[in-house]
Peer 1: 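This structure is in structure tokens; I'll ask about it shortly.
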Amino acid sequence: MAYPMYEVDWSVLPPEQNRRFNPAFNIATIKQVVNEAIERVAPVSVRMQTPTRLRDLIRQIRAARTAAEERSVVNKECAYIRSTFREEDSVWRCRNIAKLLYIHMLGYPAHFGQLECLKLIASPRFTDKRVGYLGAMLLLDERQDVHLLITNCLKNDLNSNTQFVVGLALCTLGAIASPEMARDLASEVERLIKSPNAYIKKKAALCAFRIIRRVPDLMEMFLPATRSLLTEKNHGVLITGVTLITEMCENSPDTLNHFKKESGQREIVPNLVRILKNLILAGYSPEHDVSGVSDPFLQVKILRLLRILGKNDAEASEAMNDILAQVATNTETSKNVGNTILYETVLSIMDIKSESSLRVLAINILGRFLLNNDKNIRYVALNTLLRTVHVDTSAVQRHRTTILECLKDPDVSIRRRAMELSFALINSQNIRAMMKELLLFLERSDPEFKAHCSSAMVLAAERYAPSSKWHLDTLFQVLLKAGNYLRDDTVSSTLQIVSAAPGERQAYAAMRLWSSLERSAVCADATEKQPLVQVAAWTIGEYGDMLVSEASNAISMVDDDGVDDFTRPSEEYVIDIYQKLLWSTQLSITTKEYLLLSLAKLSTRLTTKPSQDKIRVIIDTFGSHIHIELQQRGVELSQLYKQYAHLRPALLERMPPMEAGAPEHDAEPEHDKPPPEQDALLDLIIGSEPLSNGDMEHAPAPPTNNNSTTNDILDLLSGLDLSTPSVPTPTTAVSVTNNNMATPSLLLDGLFAPAQPPVQPQETVVRALERNGVLVELVAQRGGDTAALTMRARSSASTTITDFLFQAAVPRTFRLDMMSPSGTVLTPQGEITQLLKITNPSKTPLRLRIRVSYNIDGNPILEQAEVNNFPPDLFN
Amino acid sequence: MMQFMLLFSRQGKLRLQKWYVAHPDKLKKKITRELITTVLARKPKMCSFLEWKDVKVVYKRYASLYFCCAMEQEDNELLTLELIHRYVELLDKYFGSVCELDIIFNFEKAYFILDELVLGGELQETSKKNVLKAIAAQDLLQEDEAVDGALREVGLL
């Protein structure tokens, strides 16, 4: 691999300021001269071999023309460095570590330098310490055993008389503090916050910030020292102080109140307002100026803290209204800096209880952002609109066209935001227009978007469909355009909707789907659209008689463009298409199962003798299919032509309409075994009966699904997701631990976690479910971003309940962690508890879907419920 | 809070890495590799933000070098761009019209400057002057030691 040429010159400064002023240069020269002098004068015996200089090593490595050559240079040097470490050569240790750090950056292992770094740190020389600490930050991470050693070194240096030595120690602590280190050194840091030296003070404040991040319990001890930070003049101290207070306030509502309550001169909100005002009015100060704005870094931090202080607090909000208006109107917007501040201001205005005129101002700023030429500003605008859409939907609606335009942006970051925002803006008035745009988007979008986008579209269509015909058309379009990226649940929910529709609509569905099926069979792209094939097969199987009969002529197939391109197929043609698809090697087994059962059903729908014979031949061939499942189907269905022929018409009857939302235990008595796990979970999503209910012969076999429960639970979330617009987290972490997976440590977690009392726990008991003598309650304990819910199941039944399993799902903005349950067997009057931890950064009201399954007297029971009546201030 | 900062060249060579969260070495390498590929694949006209795993990546290219910061969800993306720019200005002031080679050959200096600007993932100093002053003073300390050491070696002290 050859090294390319490097651009030698780049500068952000205008040429006139571009002199090569270099303090390092002088030092380097002096050092070099001195070193060379030493090497000349010193007797050879003292220094056996002078190691390569860092600069020369870098040159050598860069001169390597191939990767192998580079490796050999590095290996040789590493071997040499190791040998000097073994010989305890302290003279060149610093240089050797520096070289090792360069080698480390290239990706080679360098862990053997860890201890040497500690030796450097312990050296009295500043040069050694500086490189030693740099090495420690790069080579150590929290898992290292050497941490105990470094904690001692840090403790020493935190007490040093040289401010820069203290600075190095604080910097290192801030970068690599583990919880143990944080605990051991917290008191030193607290002492240093009170130092009169601003250089040390600011670093100590940020160290405290990191310590609290790692160990929130330690917050209390920093409170008194933190108070005075805001009275300082130095901007470094101010900004670090604001950062520290922000972290504390976000961490604990008690601390938030603590800061708010301080009265008089030191009241926090007026104090911050004063600092901000001074910044705006102070005029030009060269030290902190960034393109005409005075210290934007500090301004943004203060605005963010004001937002936290003003949230749900009318009085505090009132006190900051004026300054927010002032910032929003006076900030220069021609540069990125100005927009940075405006962006933060808008967020604050929307989050606090601000005046309505101020909100209008904020939304207008976002409107301007949306039209900005700078992509970054547009991205930020979309992001913020998404966060504020729940506060003022109508104001955001005004920018709808611009937002839809952003769906076509070439930049994936912008497209993603625009998509989320579009879904948040859909309502019953604009659904037709929005869906049209979103369908176009779905067709062209990247695969990573398709699953999410299609599910969201299905939900929106379900919620706002203006007519059932439109609803069906939209679903079919989604099926067509999302292809295989469609999630499984969409197939079953579509089937449920078709099944529940009136007769004429079912015929319409069969005809529409026939067109799509035929087209994909002819174009041979059915493998890319398997969910569509499944839905089409099921529908045609059920309502095939209407498809081929004269009656279909009465149904209008005119589409949106006013074209009716439907031709009624002949029976043979239908069977030909089926045969073609069934013979295809690329369709999945599940899809083929749908097709095969559909074909069997068609045998009673199609009336002519030749078509019936043809169907029978096809089915018989499956009796020897290589795949066991299909073979079994083939054999079973063939039997229906032989000794059970009299049962065939009745067995292949149309399915009764599937009802949405029917509870599981009320289902038809004929189903004798509990539905398989995945269907039950699907059920929870679509709120309809699973396909496999009733006679197994009637419906396509349940898809062979290897998904774990966790995945299904994830799916289950989709039902809750889109009704509240919110900033989506890219990954929803849901961990479900049921007792058979429980490891000993998880069990311990479950036992010990409730024992840690949160600060002033306030408990609320929410009754979630009560049936069959089983009462499920949720005990909610509020606290910051994370609430702890304890599930408590009590039985008043006379018999023992076994296999008790509690599952829960939350919308995507939440994070749910479930601990192991205390058991699975519920004796009469017994109790099972399970701890749930719910993290909610967006602080929206909690909605929870729960499912409880158990065996009572050998009968499996499945219950589900949605719990919405949590106290609104659960997260504060 | 900044989770990490990476500097890499247009050819994908890592020039600087600063981690404020604890990850095992292996994971760091994986993240670095994936992120460099993702960022380099983006077109110049695209926005500077990237939602990547659970972080917001803010990056900007200065000549042949990409400056890339991973921020948390609550952080102001635009301000991160200002922070990157501030770092570049500081490098420029220190090295005098800095270029990639300066950072390669003096990577430790680039780290030292970053450590005076950012601590534990948060900005610690908003004055350029103060940062440069602190660096100069520490360089001077090193220089004194070097001279002192040299004189001691040759027996003049």
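Here is how names work: the chains are called A, B, and so on, in the same order as the sequence lines, proteins then strands, and each is numbered from 1. Every heavy atom of this structure was used, including side-chain atoms; hydrogens, water molecules and symmetry mates were not.
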Peer 1: Indicate yes or no for a side-chain donor-acceptor contact from A:Lys203 to the backbone of B:Leu119 under 3.5 Å, with no hydrogens or angles considered.
Peer 2: no
Peer 1: So A:Arg417 and B:Glu51, side-chain contact (heavy atoms from CB on, under 4.5 Å) or not? Walk me through it.
Peer 2: CA-CA 10 Å; A:Arg417 280 283 151 261; B:Glu51 274 146 74; 2.4 Å; yes
Peer 1: Between A:Asn376 and B:Glu77, does any side-chain donor sit less than 3.5 Å from a side-chain acceptor?
Peer 2: no
Peer 1: Would the distance check show the side chain of B:Asn76 and the main-chain N or O of A:Tyr343 forming a donor-acceptor pair, the cut-off being under 3.5 Å?
Peer 2: no
Peer 1: Side chain, backbone, both or neither: which part of A:Leu54 has a non-hydrogen atom closer than 4.5 Å to chain B?
Peer 2: side chain
Peer 1: So what's closer than 4.5 Å to chain B heavy atoms on A:Arg213: side chain, backbone, both or neither?
Peer 2: side chain
Peer 1: Only counting residues at least two apart or in another chain, list the ones meeting ring-ring contact (aromatic ring centres under 6.0 Å, His included) with B:Tyr111.
Peer 2: none
Peer 1: What part of A:Arg210 gets closer than 4.5 Å to chain B, counting heavy atoms only: side chain, backbone, both or neither?
Peer 2: side chain
Peer 1: Sort by residue number and list every member of residues 39-49 of chain B having a non-hydrogen atom under 4.5 Å from chain A.
Peer 2: B:Arg42, B:Lys45, B:Met46, B:Cys47, B:Ser48, B:Phe49
Peer 1: Rounded at 0.5 Å granularity, tell me how far CD in B:Glu122 sits from NZ in A:Lys202.
Peer 2: 14.5 Å
Peer 1: Using the test side-chain hydrogen bond (donor to acceptor under 3.5 Å, both in side chains), find all partners of A:Ser291 that sit at least two apart in sequence or belong to another chain.
Peer 2: none
Peer 1: Nearest 0.5 Å, please: how far is CG in A:Asp128 from CD in B:Glu145?
Peer 2: 7.5 Å
Peer 1: Does any backbone or side-chain atom of A:Asp295 lie under 4.5 Å from a heavy atom of chain B? Answer side chain, backbone, both or neither.
Peer 2: side chain
Peer 1: Of all residues at least two apart in sequence or in a different chain, which pass the ring-ring contact (aromatic ring centres under 6.0 Å, His included) check with A:Phe164?
Peer 2: A:Tyr199
Peer 1: Side chain from CB out, backbone as N, CA, C, O: work out which of these in B:Asp144 comes under 4.5 Å of a heavy atom of chain A, or both, or neither.
Peer 2: neither
Peer 1: Judged by atom type as modelled, is there a donor-acceptor pair below 3.5 Å linking the side chain of B:Glu108 to the main-chain atoms of A:Ala98?
Peer 2: no
